[in-house]
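Below you'll find the structure, written out as structure tokens, and then a few comments.
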Amino acid sequence: MKPSKILSISLQILLIVLLGGQLWAQSSILHTDLQQIIPSDNLPKEVQTQNANNNLDVYLWKGRYYVAFRTAPSHFASAKTKMYIISTTDFEEWAFELEIALGSDVREPRFYADEQQLFFMFFKGGKKRFRFEPQGVFQTIFDEKEWAPIKEITAIPLGYVPWRIKAYKGKYYLSSYEGINEYKLKEACALRLFVSDNGIDWLPISEQPQLDHPRAIAEMAFDVDSKGDLWGIARLEFDGAYMMHAAAGQWEKMEYWYSEYKFDSPYIFKHQGDFYLISRRNLSGKFARKPQRYKNNLIDYSFRKKTTALFRIDTSNHSLIHLHDFGTTGDCAFPSVQKTGENEYLLLDYSCAIDKGKKNWIRGQL
């Protein structure tokens with residue numbers, strides 16, 4: 001099964017090995033070559049890939065890697081979109097798990113688990129190509145025998161988009177944003193944390209959102225330090241990004257610092273007490289070229305070249321330090337990371353063809 005076009009987007013995999021357990025310098029980072037795993041000839045026969053294979057997640061549960069991904073005609077919404085879950089032990093032989101086809105867009109696949117159950121969450125979008133229309137958050141559960149029927153999580157308000165889920169002290173925490181207002185400059189966009197004791201029933205952690213931003217705050221990645229403080233990065237659609245912090249026991253009260261650099265598709269993980277970010281990086285540097293020209297800046301940003309990159313989060317100075325680029329191009333990122341050893345991490349990402357020249361973001365998306 002081969003890509004139908006030169007610019008077909010595919011899922012990539014690589015193994016990051018951290019020498020001496022440190023990520024502070026490029027010289028301490030080794031990784032394998034990028035390897036395309038989707039599309040490929042050894043996928044289950046039930047999986048029918050299309051031109052764009054992107055939004056993804058990977059999760060190691062009971063000795064198997066579960067991989068979910070979206071496949072569609074392009075990066076943008078389509079009624080032809082499908083989402084597949086497949087599983088493997090070696091990324092060579094795959095088993096079919098589940099197909100999700102709702103006659104509408106589906107995005108943001110997210111796994112999380114306990115000892116008995118593997119949970120899977122995603123959101124339903126619209127059908128119009130250039131509209132972002134969140135239409136509910138949904139869930140299915142796997143008990144090692146079968147996947148349960150898909151159900152809507154009605155406790156998460158209509159229009160919200162799930163982003164990252166972290167388990168902490170026996171509970172699950174979900175970052176989510178008010179995607180229905182994502183591209184409306186005159187409407188505030190709320191960012192919230194939700195919490196669940198059982199992985200099924202969700203509640204907001206506070207009556208008020210953690211941040212209510214006038215210019216489309218979105219995708220917030222986060223993790224928790226040894227003191228219980230939360231640290232995060234949130235993308236701003238028309239600006240750059242916010243670095244965010246909340247003290248232990250007071251996660252409802254976020255403080256934040258602005259960055260002129262935008263970090264799309266953020267994923268945060270901890271290594272030996274330090275926080276690291278993997279996200280899409282704008283190779284032209286800062287996001288905005290003309291202050292206050294929000295829509296013009298977003299259009300200009302779309303025609304810039306990107307790659308997937310690794311950063312260290314400097315919590316003392318409220319900044320990010322660029323460490324390494326992974327060589328992806330065009331439409332890329334949406335990273336998912338799985339720890340495989342003391343100093344080893346498996347990274348899944350998506351990208352346009354890396355051997356056919358560097359491409360700008362919008363060309364890859366289309």
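For the pair Gln116 (side chain) and Ala113 (backbone), a donor-acceptor distance under 3.5 Å is absent. A donor-acceptor pair under 3.5 Å is absent between the side-chain atoms of Lys339 and the main chain of Val337, judged by distance alone. Lys295 contributes no side-chain N or O that, together with a main-chain N or O of Phe238, makes up a donor-acceptor pair within less than 3.5 Å. For the pair Ser336 (side chain) and Val58 (backbone), a donor-acceptor distance under 3.5 Å is present. With Asp300 contributing its side chain and Asn296 its backbone, the two residues share no donor-acceptor pair below 3.5 Å. Of the possible polar contacts, none joining the Arg304 side chain to the Ser284 backbone as a donor-acceptor pair under 3.5 Å is found.
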Assess the residue pair His318 and Glu255 against the criterion (side-chain contact (heavy atoms from CB on, under 4.5 Å)); give the C-alpha distance rounded to whole Å, side-chain angles, the decisive distance to 0.1 Å, and a yes or no.
CA-CA 11 Å; His318 308 141; Glu255 55 180 342; over 6 Å; no
CA sep, side-chain torsions, deciding dist, call: Asn54, His75, side-chain contact (heavy atoms from CB on, under 4.5 Å)
CA-CA 8 Å; Asn54 41 34; His75 174 98; 4.2 Å; yes
Run the side-chain contact (heavy atoms from CB on, under 4.5 Å) check on Leu348 and Ile37 step by step: do they pass?
CA-CA 9 Å; Leu348 266 69; Ile37 59 171; 4.0 Å; yes
Please evaluate residues Arg280 and Asp331 with respect to the criterion side-chain contact (heavy atoms from CB on, under 4.5 Å), reporting the C-alpha separation (whole Å), side-chain torsions for both, the decisive distance (0.1 Å), and the verdict.
CA-CA 9 Å; Arg280 186 183 301 129; Asp331 192 13; 4.1 Å; yes
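Residues Phe222 and Met244 fail the side-chain proximity criterion, which asks for heavy atoms closer than 4.5 Å. Put simply, the side chain of Phe287 does not reach to within 4.5 Å of the side chain of Asn282, judged on heavy atoms. Taking 4.5 Å as the limit, every side-chain heavy atom of Asp229 sits out of range of all side-chain heavy atoms of Thr315. Put simply, the side chain of Phe132 reaches to within 4.5 Å of the side chain of Val161, judged on heavy atoms. The shortest distance between side-chain heavy atoms of His322 and Asp325 falls below 4.5 Å. Taking the side chain as every heavy atom from C-beta outward, Tyr261 and Leu320 never approach each other to under 4.5 Å. Residues Asp114 and Phe119 form a side-chain contact, since some pair of their non-hydrogen atoms from C-beta on lies under 4.5 Å apart.
The aromatic rings of Trp94 and Phe91 sit perpendicular, their planes meeting at an angle over 60°, well past the 30° parallel limit. Using cut-offs of 30° and 60° on the angle between ring planes, the pair Tyr267 and Phe269 is tilted. Ring geometry, Tyr242 versus Tyr256: the interplanar angle falls from 30° to 60°, so the pair is classed tilted.
Linking ILVMFWY side-chain heavy atoms closer than 4.5 Å, directly or via other members, places Phe311 and Leu323 in two distinct hydrophobic clusters. Placement of Tyr65 and Ile85 in two distinct hydrophobic clusters is found when ILVMFWY residues are connected by side-chain heavy-atom separations under 4.5 Å, directly or transitively. In the hydrophobic cluster analysis, where Ile, Leu, Val, Met, Phe, Trp and Tyr join through side-chain heavy atoms closer than 4.5 angstrom, Val137 is grouped together with Val195. The hydrophobic clustering, which links ILVMFWY residues whose side-chain heavy atoms are closer than 4.5 Å, places Tyr172 and Leu191 together. No path of Ile, Leu, Val, Met, Phe, Trp and Tyr side chains, each step under 4.5 Å between heavy atoms, connects Ile165 with Trp231, placing them in separate hydrophobic clusters.
Counting only residues at least two apart or in different chains, side chain to side chain donor-acceptor pair (under 3.5 Å) contacts with residues 128-144 comprise Tyr112-Gln139. Every pair passing side chain to side chain donor-acceptor pair (under 3.5 Å) that includes a residue from residues 189-210 is listed here, sequence neighbours excluded: Tyr160-Arg192, Ser196-Asn198, Asn198-Asp201, Ser206-Gln210. Applying the salt bridge (Lys or Arg N to Asp or Glu O under 4.0 Å) test to every pair with at least one member in residues 234-251, sequence neighbours left out, gives these pairs: Arg215-Asp239, Glu219-Arg235, Arg235-Glu237, Arg235-Asp264, Glu237-Lys262. Among residues at least two apart or in separate chains, salt bridge (Lys or Arg N to Asp or Glu O under 4.0 Å) pairs with a member in residues 101-112 are Arg70-Asp105, Asp105-Arg107.
When all heavy atoms are compared, the tightest approach of Met121 to Pro162 is SD-CB, 3.7 Å.
Atom-to-atom distance recorded for Thr307:OG1 and His324:NE2 is 9.0 Å, nearest 0.5 angstrom.
Residues passing the side chain to side chain contact (heavy atoms under 4.5 Å, CB included) test with Asp90 are Thr88, Glu92, Glu93, sequence neighbours excluded. For Lys166, the salt bridge (charged side-chain N to carboxylate O under 4.0 Å, His left out) partners are Asp223, not counting sequence neighbours. Judged as a ring-ring contact (aromatic ring centres under 6.0 Å, His included), and not counting sequence neighbours, the contacts of Phe138 are Phe122. Not counting sequence neighbours, the partners of Trp251 by the ring-ring contact (aromatic ring centres under 6.0 Å, His included) test are Tyr168, Tyr173. Residues meeting the salt bridge (charged side-chain N to carboxylate O under 4.0 Å, His left out) test with Lys305, sequence neighbours left out: none. With sequence neighbours left out, the side chain to side chain donor-acceptor pair (under 3.5 Å) criterion links Thr71 to Asn53. A search for salt bridge (charged side-chain N to carboxylate O under 4.0 Å, His left out) contacts involving Lys286 returns Glu260, not counting sequence neighbours. Checked against side chain to side chain donor-acceptor pair (under 3.5 Å), Trp163 has no partners two or more places apart in sequence or in another chain.
Crowding of Phe96 atom CZ: a count of heavy atoms from other residues, nucleotides or ligands under 6.0 Å exceeding 12. The neighbour count for Lys127 NZ, taken as heavy atoms of other residues, nucleotides or ligands under 6.0 Å away, does not exceed 12. Other residues, nucleotides and ligands place no more than 12 heavy atoms under 6.0 Å from the NZ atom of Lys169.
Checked by atom type, the side-chain pair Tyr345/His271 shows a donor-acceptor distance below 3.5 Å. With no hydrogens or angles considered, no side-chain donor-acceptor pair links Ser351 and Thr328 at under 3.5 Å. With hydrogens and angles left out, the side-chain atoms of Asp349 and Thr308 include a donor and acceptor closer than 3.5 Å.
Under the ring pair (Phe, Tyr, Trp, His ring centres under 6.0 Å) test applied with Phe111, the options Phe142, Phe69, Phe120 reduce to a single match, Phe120.
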